[in-house]
2 protein chains.
Amino acid sequence: MSNQTESSAEITPAPAHEADDEPIRSGRDAEATRRALVRAARRRFATDGYRATTVRQIAADAGVNVALINRYFVSKDGLFEACMARTSDELDTQTEAPTRPTDIDGVIDRLIAHVVNAPNGDDPLQLLLLLRSSGDENADRIRRNTLEHFTEKLAAAAGWNADDPTTAPLLLRAQLAIATMLGVVMLRASAGVEPVASAGHDELAGPLNQLFRTLFEG
Amino acid sequence: MSNQTESSAEITPAPAHEADDEPIRSGRDAEATRRALVRAARRRFATDGYRATTVRQIAADAGVNVALINRYFVSKDGLFEACMARTSDELDTQTEAPTRPTDIDGVIDRLIAHVVNAPNGDDPLQLLLLLRSSGDENADRIRRNTLEHFTEKLAAAAGWNADDPTTAPLLLRAQLAIATMLGVVMLRASAGVEPVASAGHDELAGPLNQLFRTLFEG
DNA sequence: TCTCTAAGTCAGCGACTGCTTACATACCCG
DNA sequence: CGGGTATGTAAGCAGTCGCTGACTTAGAGA
């Protein structure tokens, strides 16, 4: 690799211009443009990281002029913040409160599904956005809040109660589960380490189930 | 954050010019200079990532002229590769073969120690170097090899045998343990998420021990 | 049809990037 | 002491970065 002339696609081969559900971008629609930018940015930021992603790449992926990033999101940081906020929202709605107060089984199943294949159409790589930092204070705050909120939801499903100090250890255990989840996604996607990289749902579900169950019930 | 004028210290406040064991850099010592550069670079790369780290930062941290990076390591990529190789070596010697073929207890203890406080003087953050990519093919190969070698060592301690296919699942389980380890370090150091961020050895050792034991013996 | 505004385009600035080149200095050996 | 080489320094080049301001164009309301 000579100089910093890597141009594009450090790890991933470029998202092929977005083949999502968005109906052909025709004409002038500010809201659609914003959405296209966020979608392209999330992918890039999650896979390549903040600094390695250039606004020109994002704009190209979204099929949009570069200057519009600054028009709609003020700055690259602003766009990153929007991405973080959206990931936060999605994670919140996807992990809606379990039907029963302590329905750890269903939650564990959903966790595993998240690692192997995200419930929405998108890949688990999006989760890695939670580990990326832009150095922007506000975005970092959103990220931390998201992770802590996720922790509490998970812990609650396992019986954690904010008013009952004896259940406090469940918080830490929930975070260990999250750490495992994120670690596995990292090893699979980012590092491509075998054999976990090419392991399917069936191979992963067993050990992960056992692991999570021990964490919450053992 | 205006423009890209962040100069230095995105996440970390700068390593304060290295207060390590290295005896005062006096005069001209190529080997010492090389070591100083690698030490400073490892810290930066591990905490801030490859792209966010500039060669000028590294040189300043090491108290050395920027041009020497190119003299001794050819390029920024070359320096990164040297960092990766050194991390690979350290991890290899630190996790030397257990006394007995299947001495999983001792290995688990060492894993936990790695997460909370690395055995050598350096912080666990160094582990994150294993998750960083520069886009350089060679460095990525070293990284993948290191992780897979680490996997096999860990699995071997749990009874894995390359010649016995029935022990193959232990490889995957060892990698789940590694994923957990890396994930916890991420959450603690990089994201600073509570409560795991400020949890001490005693609070973490229990659940982690239980988790690893389940993974290998359950 | 005309007009006004929102949406999108374009060229380029200043800052910073990794790296090179030409030069200065300290150390070793005869 | 005097060269010769290894080590370190200073200045700057070419390229990329995020971002800006002036511009054009599409589309809805009168």
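Convention: sequence-line order gives letters A, B, ...; per-chain numbering from 1.
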Exercise for the section: Could you say whether A:Val74 or B:Glu31 is positioned toward the 5' end of DNA chain D, judged by the nucleotide with the nearest heavy atom to each? Expected result: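 Its nearest nucleotide being more 5', the pick is B:Glu31.
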Problem - B:His149 and B:Asn145, any side-chain heavy atoms less than 4.5 Å apart - result: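 With C-beta onward as the side chain, the pair stays apart.
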[N] [atom2] sits how many Å from [X] [atom1], rounded?
| X | N | atom1 | atom2 | result |
| --- | --- | --- | --- | --- |
| B:Arg71 | D:dG8 | CZ | C1' | 7 Å |
| A:Asn70 | D:dG21 | CG | P | 11 Å |
| B:Lys76 | C:dT20 | NZ | C1' | 17 Å |
| B:Leu79 | C:dG18 | CG | C1' | 12 Å |
| A:Tyr50 | D:dG18 | OH | P | 8 Å |
| A:Arg51 | C:dA15 | CZ | P | 17 Å |
| B:Tyr72 | D:dT9 | OH | P | 10 Å |
| A:Arg34 | C:dA7 | CZ | P | 7 Å |

Practice task
Kindly indicate whether a cation-pi arrangement holds for B:Lys76 with B:Phe45, taking the cut-offs as under 6.0 Å to the six-membered ring centre and within 45° of the axis.
Solution key: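 Judged by the rule, B:Lys76 and B:Phe45 form no cation-pi pair.
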Handout entry: Nearest to side-chain heavy atoms of B:Thr54, which nucleotide of C:dT17, D:dT25, C:dA26
Key =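 Between C:dT17, D:dT25, C:dA26, the one nearest the side chain of B:Thr54 would be C:dT17.
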Practice task
Taking only the side-chain heavy atoms of A:Leu68 (C-beta and beyond), determine which of D:dG8, D:dG18, C:dG8 contains the nearest atom.
Solution key: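 Out of D:dG8, D:dG18, C:dG8, the nucleotide with an atom closest to A:Leu68's side chain is C:dG8.
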Scan the side chains in residues 175-182 of chain A for donor-acceptor partners under 3.5 Å anywhere in the protein, sequence neighbours excluded, and list what turns up.
unit_1, atom_1, unit_2, atom_2, d
A:Gln175, OE1, B:Val196, N, 2.8
A:Gln175, NE2, A:Thr151, OG1, 3.0
A:Gln175, NE2, B:Glu194, O, 2.6
A:Thr180, OG1, A:Leu176, O, 2.9
A:Thr180, OG1, B:Thr180, OG1, 2.8

Practice task
Considering just the side-chain nitrogens and oxygens of A:Thr33, establish if one lies under 4.0 Å of OP1 or OP2 belonging to C:dG8.
Solution key: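 For A:Thr33, the contact criterion (side-chain N or O under 4.0 Å from OP1 or OP2 of C:dG8) is met.
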Exercise for the section: May I ask you to verify if any side-chain N or O of B:Asn65 is less than 4.0 angstrom from the OP1 or OP2 atom of D:dG8? Expected result: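 Negative; the distance criterion is not met.
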Handout entry: Salt-bridge contact B:Arg143-B:Asp140 (side-chain N to carboxylate O under 4.0 Å)
Key =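 Counted as a salt bridge, because a side-chain N and a carboxylate O are separated by less than 4.0 Å.
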Problem - Side-chain H-bond candidate by donor/acceptor type, B:Asp136 with B:Tyr50, under 3.5 Å - result: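 Distance-only check fails for B:Asp136 and B:Tyr50.
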Exercise for the section: Pick base, sugar-phosphate or nothing for A:Phe73, based on heavy-atom distances below 4.0 Å to the nucleic acid. Expected result: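 Answer is nothing: A:Phe73 stays at 4.0 Å or more from every strand.
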Exercise for the section: Assign A:Ala30 to base, sugar-phosphate, or nothing according to its heavy-atom contacts below 4.0 angstrom with the strands shown. Expected result: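 Contact class for A:Ala30: sugar-phosphate only.
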Practice task
Would you kindly check whether a donor in the side chain of B:Arg56 faces an acceptor in the base of C:dT17, or vice versa, at under 3.5 angstrom?
Solution key: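 Not at all, since no donor on one side and acceptor on the other fall under 3.5 Å apart.
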